[in-house]
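Here is the structure we will look at.
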Amino acid sequence: MTDRVDTPNDSSLSRLFAEAFVDREATWFCLAGGALLFEAGEPADQLYYLRAGRLGVFRSDEDGDIQFLGVIRPGEPVGEMALIAGGAHSARVVALRDSEILGLPREAFFDACEADPTVMTELARLMIRRSRQAGQREAVGDPSVFGFLAVAEGVNVRPLADRVAQEISALGYSSLVVGIEAVNVAPEWFSDAERSHDFVLYVAENADLGWRQVVARQVDRLFRVARGGQPPPQSVAATSTQARPLQAQQLVDLILLHPRDADHASGSEAWQDAVQPARIFHLRRGVAGDVRRLARVITGRSVGLVLSGGGARAYAHVGAIRALRERGVPIDFVCGASMGAIVGAGVAMGWSNEELTRRIREAFVDTSPVDDIALPLLAMTQGRKVRERLAWHFGDTRIADLWIPFFCVSSNLTTGAYHMHRRGLLRDALRATVALPGILPPATDGTDVLVDGAVLKNFPADLMRAAHNGPVIGVDVTRGRSITAADVARPESVWRWLASGQWRRGPPIVSLLMRAATVSTGRDLAASREATDLLVTPDLGDVEIRDWSAFEPAEQAGYAATIAALDLLHAPVTELRRRPKIQAPAAIAT
């Protein structure tokens, strides 16, 4: 490349870079997979243009978690918004694979725009399109090239990828499965295949040594595939270096295959330790619903469900889930805080509506879970009944073994930050997320003290948004009637209060503590609305937050509110973030 450069399309922008390269104003360079193009906060002194390869756009949130914003494909500009605005870059851009990039200095770019105004017009259209898509919550720059990499002997990846491709086609997208037969094709072939299909799935079996390295360098996101219930071989950690750039950006997932009749998964944490995946998916042989879930994940149509805390008002979540299932809305990811986490864990366990209702009734409705009153050294109750009921209903299930990806949050009083529970015993995570300060004793994790997730993040919709590219449904049960003076009034007669059995709900201070822990600020409410595509807020004004007997009215309120919210949608939930088929590239704010 000494006197000319080919660009992926014939737009004004591509012609600008081609001519600028000839005039030696633009520089051409290669960026190795995993290398940084620029960091957030750096000055925007160049406009970049991706000629070949793939770039990923990332941003760190206020808690330090990495958020994947999208993919930049060949023919797209990089850093244009910050350059035009004259500010610093707002995101980090990293090469997902070996990439060829052209860089044009700021002054040369504006000189070219004066000579050819169509360049700025084209960029303006791209940025307007991006802003509109963001406002309409459409996906922009989502991954479209995925790898399926076997990580153990006896795992056949090609049949799995073929089934996933069939489900992708059933969703209305074009797809292509590419295996070792493409090991000797020219580099341009990959670019042509990726430009002409909505999704490309590269597959490599365990024995395809050289091809495995090609696949790891060629994809936007990687699935490592193994057989569940078997220990990982020692070689797994060594082969992780093949996908180091993706691994560093949390773009490697794990798929564990199970027999069709498997009633539960096991041993997943060992694979979690070996592969360090961002997410774990369980697929049972012959179970079409599991493959369809994976196809929805790939195409950005997977549905994440977020359930807030709220004491007894969280019974409304049971009705919301009944409504979603009744309307055929899939639940592909689930998370929650406090009581919302307990209901969500039941969904992740695979409980039917009937089983979910029965178990919630047994654990919380039939007898109060917080009537084991204790000398209030750490809390008003011993917490023994809660521990026993969680152990009875969730047993020794580990989070990594759940059929549906699940996490919950607790509040870490030691660090002052929320704590995401993605591994370990499910019952231990749930015990931490319901440990309302003053009511239940805190949980501990090493030297850390964990209490109810509602204290710091009662509605973790933003965490669910970062977990997948599809629609997010949030059910927030904290917006009912707040406590009143009547709720915290001192009983006129303690003996009459004891005789009536109302003591089993806890003294009035319980309402005060529970409401204080689950109240949401205006900023939290705005953030929840921003992070959800469908926000359900049941009318729970008549349900007191500690009234553990109020199952029916709360469940009915959750069902009615969810049905009403679904009826207002202009499209099915899975279509709310439907990504467009192949079209001209759109800009990403960097």
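Numbers here are sequence positions counted from 1. As a basis for the values below, the full set of heavy atoms in this structure was taken, side chains included, without hydrogen atoms, waters or symmetry mates.
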Test side-chain contact (heavy atoms from CB on, under 4.5 Å) applied to Val303 and Val334, Asp533, Ile331, Thr574, the passing residue: Thr574

Closest approach of Gly300 to Pro471 (non-hydrogen atoms, all atoms of both residues): O-CD, 3.8 Å

Gap separating the CD atom of Glu42 from the CG atom of Leu36, nearest 0.5 angstrom: 6.5 Å

Side-chain donor or acceptor of Asp445 paired with backbone N/O of Asp448 under 3.5 Å: no

Distance, nearest 0.5 Å, that separates SG of Cys408 from NE2 of His421: 5.0 Å

Presence of salt bridge, Arg221 and Asp253, under 4.0 angstrom: yes

side-chain contact (heavy atoms from CB on, under 4.5 Å) assessment of Leu305 paired with Leu324: CA-CA 10 Å; Leu305 178 63; Leu324 293 173; 4.0 Å; yes

Student check: side-chain heavy atoms of Phe190 and Val214 closer than 4.5 Å: yes

Plane angle bin for Tyr202 and Trp211 - parallel if under 30°, tilted between 30 and 60°, otherwise perpendicular: perpendicular

Beyond-backbone contact of Glu100 with Leu50, side-chain heavy atoms, under 4.5 angstrom: no

Residues Phe199, Thr299; criterion side-chain contact (heavy atoms from CB on, under 4.5 Å); working and verdict: CA-CA 8 Å; Phe199 297 95; Thr299 58; 3.6 Å; yes

Parallel, tilted or perpendicular, as decided by the 30° and 60° cut-offs, for the rings of Tyr48 and Phe29: perpendicular

Min side-chain heavy-atom separation Leu96-Leu55 under 4.5 Å: no

Flag side-chain contact, heavy atom, 4.5 Å: Val215 against Phe148: no

Donor-acceptor under 3.5 Å (Arg54 side chain, Gln218 main chain): no

Of Leu413, Asp452, Val449, the residue whose pairing with Pro437 passes side-chain contact (heavy atoms from CB on, under 4.5 Å): Asp452

Interatomic spacing from OG in Ser302 to CZ in Phe333 - rounded to 0.5 Å: 4.5 Å

Check: Asp220 side chain, Val145 main-chain N or O, donor-acceptor pair, under 3.5 Å: yes

Nearest atoms (heavy-atom pairs only) where Val477 meets Gly310: CG2-CA, 4.0 Å

Worked check of side-chain contact (heavy atoms from CB on, under 4.5 Å) between Val94 and Leu37: CA-CA 6 Å; Val94 178; Leu37 179 60; over 6 Å; no

Ile84 side chain near Met120 side chain, heavy-atom distance below 4.5 Å: yes

Min side-chain heavy-atom separation Cys335-Leu463 under 4.5 Å: no

Check against side-chain contact (heavy atoms from CB on, under 4.5 Å), Ile280 and Trp271: CA-CA 9 Å; Ile280 298 179; Trp271 284 101; over 6 Å; no

Atom pair CZ/CZ of Phe68 and Arg59 - distance to nearest 0.5 Å: 13.0 Å

Shortest non-hydrogen contact from Ala216 toward Leu246: O-CD1, 3.8 Å

Exercise: identify the closest heavy-atom pair between Ile399 and Arg422: CG2-O, 3.4 Å

Salt bridge (charged side-chain N to carboxylate O under 4.0 Å, His left out) between Lys457 and Asp462, worked out: CA-CA 10 Å; Lys457 193 170 281 289; Asp462 55 335; 3.0 Å; yes

Reported CD-to-CZ distance for the pair Gln46 and Phe109, which is rounded to 0.5 angstrom: 12.5 Å

Ser99 (side chain) donor-acceptor with Ala95 (main chain) under 3.5 angstrom: no

Trace of the side chain to side chain donor-acceptor pair (under 3.5 Å) decision for Gln250 with Gln276: CA-CA 9 Å; Gln250 301 177 15; Gln276 296 293 311; over 6 Å; no

Distance in Å, Arg217 CZ paired with Arg97 CZ, rounded so as to fall on 0.5 Å steps: 11.0 Å

Over 12 foreign heavy atoms within 6.0 Å of CG, Asp567: yes

Under 3.5 Å: donor-acceptor pair, side chain of Arg106, backbone of Leu83: yes

Close side-chain approach of Pro105 and Asp45, heavy atoms under 4.5 Å: no

Atom of Leu566, atom of Arg327 and distance for their closest heavy-atom approach: CD1-CG, 3.7 Å

Test item: Asp198 side-chain N/O and Tyr173 main-chain N/O as donor-acceptor pair under 3.5 Å: no

Val225 side chain near Leu149 side chain, heavy-atom distance below 4.5 Å: no

Name of the residue among His468, Arg301, Arg293 meeting side-chain contact (heavy atoms from CB on, under 4.5 Å) with Asp332: Arg293

Minimal non-hydrogen separation, Phe459 against Ser308, with atom names: CD1-CB, 3.5 Å

N/O donor-acceptor pair under 3.5 Å between Arg465 side chain and Ala531 backbone: yes

Residues that Arg423 engages under salt bridge (Lys or Arg N to Asp or Glu O under 4.0 Å), provided they are two or more places apart: Glu269, Asp273

Any donor-acceptor N/O pair, Ser410 side chain to Thr433 backbone, under 3.5 Å: no

